[in-house]
K.L.:
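Here it is: the structure, laid out below.
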There are 2 protein chains.
Amino acid sequence: MNASRAPVRQSSVRAHNLALVLQTVANSANRPSRAAIAAATGLTRATVSALVDDLVAGGLLAELDPAPRTGAGRPAAGLALSPDGPAGLGLEINVDYQAACVVDLTGAVRHRFVARGDQRLLSPADALAALDDLATQARATAEADGLVLAGAALAVPGLVAPGDLVRVAPNLGWLDVRVPEMAGLPVTVDNEANLAALGELRADGAEPTFLYVSGEIGIGAGIVLDGELYRGGRGWSGEIGHVTVYPDGRPCRCGSSGCLEQYAGQEAVAADPDLAAAALGIALSAVVNLLDLGVIVLGGGYAPEFARLRSGIEAELHRRVLTAGLAPVTLRAAGLGSDAAMRGAADVVIRGVREDPAGWLAQAV
Amino acid sequence: MNASRAPVRQSSVRAHNLALVLQTVANSANRPSRAAIAAATGLTRATVSALVDDLVAGGLLAELDPAPRTGAGRPAAGLALSPDGPAGLGLEINVDYQAACVVDLTGAVRHRFVARGDQRLLSPADALAALDDLATQARATAEADGLVLAGAALAVPGLVAPGDLVRVAPNLGWLDVRVPEMAGLPVTVDNEANLAALGELRADGAEPTFLYVSGEIGIGAGIVLDGELYRGGRGWSGEIGHVTVYPDGRPCRCGSSGCLEQYAGQEAVAADPDLAAAALGIALSAVVNLLDLGVIVLGGGYAPEFARLRSGIEAELHRRVLTAGLAPVTLRAAGLGSDAAMRGAADVVIRGVREDPAGWLAQAV
DNA sequence: TCGGATTTGTTTATTGGTTGAATTATTTGG
DNA sequence: CCAAATAATTCAACCAATAAACAAATCCGA
């Protein structure tokens, strides 16, 4: 089951090794030489040279001055991701704003656009038309900069079906909305918390496995396992907001009662931070008991309240996580703020290029 | 991050395609011909022939009479997993018994040994010595049958560290017990619920993604995602028994209060099935909200009580799962009974051979 | 200042593995 | 009994990685 169901031919070998070289460069702090890449990957210098040539010719890698080195020997050519390579268009629609950003292959945010305004007042079609305008503006600005966009991804606060269909976005009032092309680019749509988690993953010092919890009006979570987003069987994982905390507690708009959202949603946090922390702690304990995650990142509206929430959450974790005595659970605030989802969306696009450079090179002839 | 960090050479291509061919045969209901494998995998008939030759020579595949076919043309040679190929030794230690079984490459149970007796009365060393005797007996019987054992795996009701170290097995009274070789074979140790989930996966008509819940004295769960067991960051996933159901409820021996185990453990089910069903439903709703699993399998002590528990669980699921209206959650009883963990352990071994036949062929020269 | 040591990067012949086309093998049906 | 059909094998071509030799560019010590 595990082994991917596809045959492998020689070209797949090349595709894999191209990706391997590109990722090695991406994960290097300094600018590695071809020889350094060969040492890091286990490939031959000759092979690395050939692969690097392809990547440089395709505009994915750039040859720069080498990292200064001491000692004898021919000086190396430094390699780095090309800032002029394909870029990603990250989009977001949330309750009170729309946003777009352009992130280049190196991960740098090149352009950023935000249009404030209550999206609930617009029909889905009108909201998407406005977003298309924003996206088109972003694309034009990017192209004036010499950037080619490899694709677009959109973050929405709701349940998304595989592809481009928003099944339900309760806080936007959307139901079964299909997302069209944006700025002439195909769009990948995903849940806001999922993409924010990916954004956090790219941030500095990020762990490869963690739970990202986003506390807005609703509460969502993104589960990142070993650098990969876990989306669940139908793409609807991470609905922590409707995990039951107090079985006979407050009724929830979802029809259930005692949902976390009723105790740790935006208003609840403002009204009683201690209650919110306890409820969060109970729900997070369940996550850790089930998934054995060592790191929890609090984002969205929780980040500014982190200091006030922390000890209450940790008390419950300590009490309710079975393995708390064997290994600690680390709690920290998100670093990216409200841009996380949009950044994560753009990351999805450039991650696609980084993971399959051969595909990009082939289609970008 | 995703792309495995290893270079790929031509031999990796062959290794992958060998596994692909073997899995294709394994997943075929009938006995496929080389031509059928080629059609199914996308490889050339010439390539498939070469790969099959290796697998037959290595004793992994057997050529049999073809599946009857009508029409003209040269008759095909039918291929199937060889029942004489490498077999797996599955072991289990539980509170009141030890067990061992030999499963051949086709998945058939060839031999089965059970030794009843309260394991809590024995020291870990004595229990393991007794298990070694049972394993040696199983190995001897298997070898008399012409079977070669590819390895062994052991199921224990507790938390296992990567490798062979049992950190805690509360119901056995074990703490930091290292498991030695059994019958001269290296042993992979894993949690009982995890392995039972894998056993269930192999069973007839199994879904590739599901949650397996095992209700013994404690309650454990195995999370199977797309045919793969999810073990968590440290291998301690699935501790559903200590998910909080009623935050201020009954105190638990783990130090917390309101754990599922207090409401749906073996005694609790006997005392009040309705309470157990409600508590299970609440905890399972949390799992589905977090992981978006469409199938839940109730095993261990829950299987015989399934009829009595079902409606109570489903009521809570219906009420508390956010996406219940969009897609159903299926509940079913496990099919394998108390052998599931032991079978799953043996499956781990033969799964290793099936997923890396090249490795097996190389070491079995 | 020059020549060896050293490290980087490229060239070339070899090897391993898949492909595609042609070939052989074995059956059914007219 | 021969044509059609299907299965499996053989063989030349191709692609990609490897290993080893070679070229390039620097440092360092005499």
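Order of the sequence lines fixes the chain letters, A, B, ..., with proteins taken first and strands second; residue numbering starts at 1 for each chain.
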K.L.:
Tell me whether A:R110 at atom CZ has more than 12 heavy atoms from other residues, nucleotides or ligands lying less than 6.0 Å away.
P.N.:
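Counting other residues, nucleotides and ligands, CZ of A:R110 exceeds 12 neighbours.
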
K.L.:
Examine D:dT6: is either OP1 or OP2 under 4.0 Å from a nitrogen or oxygen in the side chain of B:S33? Give yes or no.
P.N.:
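It does not, given that no N or O in the side chain of B:S33 lies less than 4.0 Å from OP1 or OP2 of D:dT6.
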
K.L.:
Could you tell me if the side chain of B:V189 sits less than 4.5 Å from the side chain of B:L165, heavy atoms only?
P.N.:
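No, every pair of side-chain atoms sits at 4.5 Å or beyond.
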
K.L.:
Rounded at 0.5 Å granularity, tell me how far CG in B:L43 sits from CG in B:L20.
P.N.:
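Between B:L43 CG and B:L20 CG, I get 5.5 Å after rounding to 0.5 Å.
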
K.L.:
Give a yes or no on whether B:R112 atom CZ has more than 12 heavy-atom contacts from other residues, nucleotides or ligands under 6.0 Å away.
P.N.:
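Not buried by this count: 12 neighbours or fewer within 6.0 Å.
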
K.L.:
Do B:R34 and B:D53 pass the salt bridge (Lys or Arg N to Asp or Glu O under 4.0 Å) test, and can you show the C-alpha distance, the side-chain angles, and the key distance before you say yes or no?
P.N.:
CA-CA 10 Å; B:R34 291 164 170 78; B:D53 284 353; 3.8 Å; yes

K.L.:
Between the side chains of B:N30 and B:S28, is a donor N or O closer than 3.5 angstrom to an acceptor N or O?
P.N.:
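No, no side-chain donor-acceptor pair sits under 3.5 Å.
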
K.L.:
Distance check needed: D:dA7 P versus B:L64 CG, whole Å only.
P.N.:
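Rounding to the nearest Å, CG of B:L64 and P of D:dA7 are 17 Å apart.
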
K.L.:
If I take atom CG from residue B:L291 and atom CG from residue B:L225, how far apart are they, to the nearest 0.5 angstrom?
P.N.:
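One gets 7.0 Å once the value is rounded to the nearest 0.5 Å.
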
K.L.:
Do the charged groups of A:E63 and A:R31 touch, with an N to O distance under 4.0 Å?
P.N.:
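No, this pair does not count.
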
K.L.:
Quantify the bending of the helix from C:dG9-D:dC22 to C:dG30-D:dC1 as the angle between its end axes, each fitted on five pairs, to 10°.
P.N.:
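Computed from the C1' atoms at both ends, the axes differ by 0°.
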
K.L.:
Below 3.5 Å between N/O atoms, which protein atoms pair up with nucleotides 25-29 of chain D? Just atom names and distances, please.
P.N.:
unit_1, atom_1, unit_2, atom_2, d
D:dA25, N3, A:R74, N, 3.2
D:dT26, O2, A:G73, N, 3.2

K.L.:
OP1, OP2 of D:dT9 versus side-chain N and O of B:S49: anything below 4.0 Å?
P.N.:
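Result: yes.
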
K.L.:
Summarise protein proximity over nucleotides 16-22 of chain C in one line of letters, 5' to 3': B for base, S for sugar-phosphate only, - for none, counting protein heavy atoms closer than 4.0 Å.
P.N.:
BBSBB--

K.L.:
Whole angstrom is fine here: how far is it from CG in B:L79 over to C1' in D:dA7?
P.N.:
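Result: 12 Å.
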
K.L.:
Does the side chain to side chain donor-acceptor pair (under 3.5 Å) test come out yes or no for A:T106 and A:D104, once each step is laid out?
P.N.:
CA-CA 5 Å; A:T106 72; A:D104 70 21; 2.6 Å; yes

K.L.:
Taking B:R231 first and then A:D292, would you say they form a salt bridge - that is, a charged N and a carboxylate O separated by under 4.0 Å?
P.N.:
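So B:R231 does not pair with A:D292 through a salt bridge.
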
